[in-house]
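So that the names make sense, note that chain A is the first sequence line, chain B the second, and so on, each numbered from 1.
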Amino acid sequence: MSKHVVAPVTEFLDGTHRLVHINGRTIAVFNIDGEFFGIANACPHQGGSLCDGHLGSLVTSDSPGQYRLERKGEILRCPWHGWEFDIRSGQSWCDPKRIRTRSYQVDVKEGFELVKGPYVADTFTVSVEDRYVVIEA
Amino acid sequence: MHATLTSGAIDCDLHPAVPTIKALMPYLEEHWQDAFIARGIDHFNPMSYPPNAPLTCRPDWREPGVFPGSDLTALQKNALDAFGTRYAICNTVYGGQIATSETMGAAMCQAVNDWIRAEWLDRDHRLRASIVVPPQDPAAAVEEIERCAVDQRFVQIMLPVGVEMMLGRKFYWPIYEAAQRHNLPVGLHAGLMYRFAPTSTGWPSHYLQDYASITQTFEDQLLSLVSQGVFSKFEDLTVVLIESGVTWLPGFLWRAVKTWRGVRPEVPWVKESPAETIRRHVRLTAQPIDAPADGAQLGRIMDQIGSDDMLLFATDFPHWQFDGREVLPPGLPDRLVEKIMIENPLRTYTRLEGTVQ
Ligand code: FES
């Protein structure tokens, strides 16, 4: 596991996502209301690109005919066959124990913390004054 | 099949038959006695089992001049004594469940229930029965359940699998509520009210199609029950598929699960894979199984079904599903055979243990 800088916080806008490629893996990083999440982008079913799916709510129910929306904006539906994944845990809704996409720790770090330690920032320079989205993968 | 293997078994599907409406006369209300005599119609057996069709009665169980299944002595000899049956559940398939008139349907169902109690259950302590109820009128069906359920020898509620609407609809929920309250599984028997074509693409030309295509109706109704939330609402309800065949089940489960995974939010009350729900709530009589010729393949199918709890022993007497004593096809894993004979039926029909000898 190593730390990778995804982007400066100011450039990673709320409601958007980015794909990062780390050691041959493609990881989708999302900004949802200022909170950052990272999951392996390939759907465990047949490899659909999860970041292209609809990010919506979990539809639940207390009894037949009743609908309730929970976890607004935290459930990702694979664009290929509609399986739902929890953006926090990577677990599928249909079979959470057996079907999941890997989830990654994503944090916001101060630039001065980063310049001390080992990190990877391929495409830009980290400056001490800024804050950055950092993924551990 | 060894003679001893089936001894003590619980036969979950056999068919005492009403020979003609005359047999029901003593059990019909006055008005209906009068009406049936005035109409001069004798025969209300549904055409799902035409009397001379090979399936309707095994050749060595046929007796000249006797309507197949209508003779108690023959049933005792060929079904109960021959297999050493401990209990046997009588499922009478008759016109009351099909009639277009709700009131006539209810009257005939009530008469059949009283007839089976007096002429069959009272005459052999091994016999139990399903309550036949009129699907035309769920309120009348519930009344009939209440009337009969006090007698613990009624161990199930029976409906034809093809009724006037899909069985998951709320129209039928009062029946499920009563069923759950009385510990009565709901048995869906092969057969239709014929309000619709028996296939989803139209009327078939031949009996072969009519009988073979019924598995489609079972699939449709099963998925209707699951997706309308019947098992979410009635958590203790058991549904028994009777004479549905068995080997279609794995493919159906795979398809149901696959589709559910993709469109789950439209039925959010279905909180687990339909296969799990079905394994917990649904049972099937093991006659016919529709087994492949190769026994090893049958073992694989049983593994694919993914539960040893689902099958129930049945002869389907007097229907011709097997010859001699080959009531279970070769290749059924040993671990399953005993469960099918005794344990699964006892767990499904909890009233059996409580019944007075
Ligand atoms: S590839 Fe994602 S659901 Fe099939």
Side-chain angles (χ1 to χ4, degrees), chain A residues 15 28 30 32 37 39-103, chain B residues 138 165-177 179-180 186 221-237 239 250 252-282 304 306-307:
Chain A
F30 298 82
I32 301 169
F37 303 95
I39 56 165
N41 191 52
C43 175
H45 180 217
Q46 288 179 0
S49 168
L50 288 175
C51 72
D52 295 321
H54 175 70
L55 194 55
S57 307
L58 183 68
V59 187
T60 60
S61 171
D62 296 323
S63 65
Q66 312 269 306
Y67 304 84
R68 192 155 40 96
L69 290 190
E70 284 175 11
R71 310 278 313 277
K72 203 160 168 272
E74 294 186 7
I75 304 298
L76 193 53
R77 297 195 63 192
C78 176
W80 280 9
H81 313 101
W83 293 13
E84 298 162 282
F85 293 91
D86 183 333
I87 198 103
R88 288 181 185 270
S89 64
Q91 283 178 312
S92 69
W93 205 100
C94 63
D95 194 350
K97 284 201 196 84
R98 286 192 303 178
I99 301 171
R100 59 188 305 155
T101 186
R102 188 160 168 197
S103 70
Chain B
M165 268 184 276
M166 298 206 86
L167 279 167
R169 296 267 173 164
K170 282 196 173 158
F171 180 74
Y172 296 109
W173 287 21
I175 297 176
Y176 308 140
E177 189 281 322
Q180 177 172 270
V186 173
Q221 296 291 38
L222 207 44
L223 211 44
S224 170
L225 291 166
V226 171
S227 55
Q228 303 273 31
V230 169
F231 297 118
S232 317
K233 176 80 178 174
F234 304 103
E235 289 177 346
D236 297 324
L237 183 69
V239 167
F252 164 75
L253 291 178
W254 295 330
R255 188 170 170 85
V257 170
K258 188 188 91 173
T259 309
W260 169 77
R261 283 178 170 171
V263 298
R264 184 210 68 84
E266 73 172 349
V267 288
W269 41 88
V270 179
K271 296 198 193 254
E272 61 182 355
S273 140
E276 292 308 317
T277 305
I278 288 168
R279 287 187 189 112
R280 210 170 47 249
H281 287 274
V282 176
Q304 290 163 354
S307 166

Engineer: Nearest heavy-atom pair of A:P64 and B:W173: which atoms, and what distance?
Structural biologist: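 Smallest interatomic distance, heavy atoms only, reads CB-CH2, 3.8 Å.
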
Engineer: For B:R169, is the CZ atom crowded, meaning more than 12 foreign heavy atoms sit under 6.0 Å from it?
Structural biologist: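 For B:R169, atom CZ is not crowded (no more than 12 foreign heavy atoms under 6.0 Å).
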
Engineer: Below 4.5 Å from any heavy atom of chain B, which atoms of A:I75 appear? Answer side chain, backbone, both or neither.
Structural biologist: neither

Engineer: Measure A:R68 against the heavy atoms of chain B and call it side chain, backbone, both or neither at under 4.5 Å.
Structural biologist: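 Interface part for A:R68: neither.
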
Engineer: Is it the case that atom CZ in B:R255 sees more than 12 heavy atoms from other parts of the structure closer than 6.0 Å?
Structural biologist: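 12 or below, so no.
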
Engineer: Measure distances from B:Q228 to the heavy atoms of chain A and classify the residue's part below 4.5 Å as side chain, backbone, both or neither.
Structural biologist: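 When you check distances to chain A, only backbone atoms of B:Q228 fall under 4.5 Å.
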
Engineer: Any donor-acceptor pair under 3.5 Å linking the side chain of B:R264 with the backbone of A:W83?
Structural biologist: no

Engineer: Please check: side-chain N/O of B:K271 versus main-chain N/O of A:S61, any donor-acceptor pairing under 3.5 Å?
Structural biologist: yes

Engineer: Heavy atoms, side chains only, cut-off 4.5 Å: are B:P265 and A:E84 in contact?
Structural biologist: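 Side chain of B:P265 against side chain of A:E84, heavy atoms only: contact under 4.5 Å found.
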
